[in-house]
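So the structure is just underneath, and the comments pick up after that.
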Amino acid sequence: MNNRALYLLLAAVIAASCSQSPLPYGPVPTKSQLEWQKMEMNLFVHFGPNTFSGLEWGLGSEPESLFNPSALDCRQWAAIARAAGFKGIILTAKHHDGFCLWPNPESEHTVRESAWRGGQGDVIRELSEACREYGLKMGVYISPWDRNDPSYGTPCYNEKYAKTLRSVHDGRYGEIFEQWFDGACGEGPNGKRQEYDWPLFHRSILELNPGAVLFSDTGPGCRWVGNENGMAGETSWSTLDADGFSPGAGAPPTESLMQGNEDGRYWIPAEADVSIRPGWFWRESENERVKSVDELMDIYLNSAGRNALLLLNVPPDTSGRIHPVDSLRLMEFRERLDGVFGNNLAEGARVRTSSSFGIRHRGRNLLEKRYERYWAAARKDTCASFVLELPQQRRFNLIQLQEYIPLGQRVRSFVVEIPDDEGGWQSIAKGTTIGYKRILRIPEISADRIRVRITSSKAAPVLESAGLYLYFTH
Ligand code: FUL
């Protein structure tokens, strides 16, 4: 073989090894689910007649005139959301009382029947424009349970509800990234019972808006995390066995909602909803009870830090603006997040790995910012490990890991180690799942080397990033 042939052969071998990537394992997210997961934090906005009555669950008999915000300003919501680092806003366009914040042609209990803006107002419209202006996505909560609609409890209601969904998802408000199907139904034993036609509801949206992520206790786009404290399970799979379950009374057990199912058939990641106040709706009496930055940080670490998306509710007041106490808190929360996560103490480290899947997926990618650059271990190295050799001793108490989820969620458990005095390693923390993002809290330590050892994985691990941070409380 002459030199030229040898050179060509070598080039071909390198090109082949560069173009190869690991194959996906198990269920994987759709494009919309991946984009959704990357949003990490969204704002929830509970607003409607309850804002004015002080009730959490309106009765449905409230007069339309009750809804009359004096200075509604969706641009203020969007500006605050954007400044605080939220990527989208989900509005309760219809809560259980049935009142529609848009002129729903299917209902006579809407903003159109109210005195607000002379009956010409449309909160979804104003929010969609504000979101567009501030580069945010908009989602809607349209409660299936309806205490106002006279047809609730009959098959007719399903048709009406499907049309209601269509009237929002048909493109007139631009892109809607998520539809929230609440599972609640407080009808007592003698109350009306509605057999929901879920396939019809899903179809009605997806035909018009195929990219929408549908939230409910069983997905199919994302699932309720099983509590309203913003708390995902320490073990948190994005896969769920949804078959045989339905939203509401037929929901999967709380443990499954919080933790997912390890070998679940469908990719249905968790969304953790929680309110910044004790209630979901604004109340004057709760102005002093807005969660502290420390509490919000705990929530962040227990939701976004446990492979869930955080949906934080910040309800506007009767003027239709977010109250200064809440907006100030959000800015402080952002400041704290930036203070902690703005400085990856692993930066500048040399990365050594037990193996890698070709040079394209080498360990250095763990510290690369682009999501598409990830480290993949060699195919059979399911117990792979990597070492970060830091430029000097560094103090940290948070370890952040991310899997490259387009290839599935794989890791079942891992340990984190630092050098011991005898030239070996000592364990400082253990974790189970990783998923899109896992942040492990450990007692503060100082080290110049850290090893992450995957102890069990369904397939060779594929990790997107690694980070070390120092979290401080005040
Ligand atoms: C629950 C509802 O009943 C609450 O009012 C609130 O909307 C919360 C987010 O979901 O199921």
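Here the structure is a predicted model, which means the values were calculated and not measured. In each ligand, atom 1 is the first atom listed, and ligand 1 is the first ligand listed. When reading the values below, keep in mind they use all heavy atoms of this one structure, side chains included, and skip hydrogens, waters and symmetry mates.
- Side-chain N or O atoms of Arg329 include one that pairs as donor or acceptor with a backbone N or O of Val290 at under 3.5 Å.
- None of Thr433, Thr432, Thr455 except one satisfies the side chain to side chain donor-acceptor pair (under 3.5 Å) rule with Ser413; the exception is Thr455.
- Residues Arg410 and Leu23 share a closest heavy-atom pair of NH2-O, 2.7 Å.
- Asp217 places no side-chain N or O within donor-acceptor distance of the main-chain N or O of Pro247, the cut-off being under 3.5 Å.
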Polar pairs, ligand 1 vs protein, N/O only, below 3.5 Å.
| residue | atom | partner | partner atom | Å |
| --- | --- | --- | --- | --- |
| ligand 1 | 3 (O) | Trp57 | NE1 | 2.9 |
| ligand 1 | 3 (O) | His96 | NE2 | 2.8 |
| ligand 1 | 5 (O) | Trp57 | NE1 | 3.3 |
| ligand 1 | 5 (O) | His95 | NE2 | 2.9 |
| ligand 1 | 7 (O) | His46 | NE2 | 2.7 |
| ligand 1 | 7 (O) | His95 | NE2 | 3.0 |
| ligand 1 | 7 (O) | Tyr141 | OH | 2.8 |
| ligand 1 | 10 (O) | Asp182 | OD2 | 2.6 |
| ligand 1 | 10 (O) | Glu228 | OE2 | 3.4 |
| ligand 1 | 11 (O) | Asp182 | OD1 | 2.8 |
| ligand 1 | 11 (O) | Asp182 | OD2 | 2.9 |

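- Interatomic distance, Leu301 CG to Leu440 CG, rounded to the nearest 0.5 Å: 10.5 Å.
- For the side chain to side chain donor-acceptor pair (under 3.5 Å) with Trp282, the qualifying choice from Thr51, Asn287, Asn50 is Asn287, the only one to do so.
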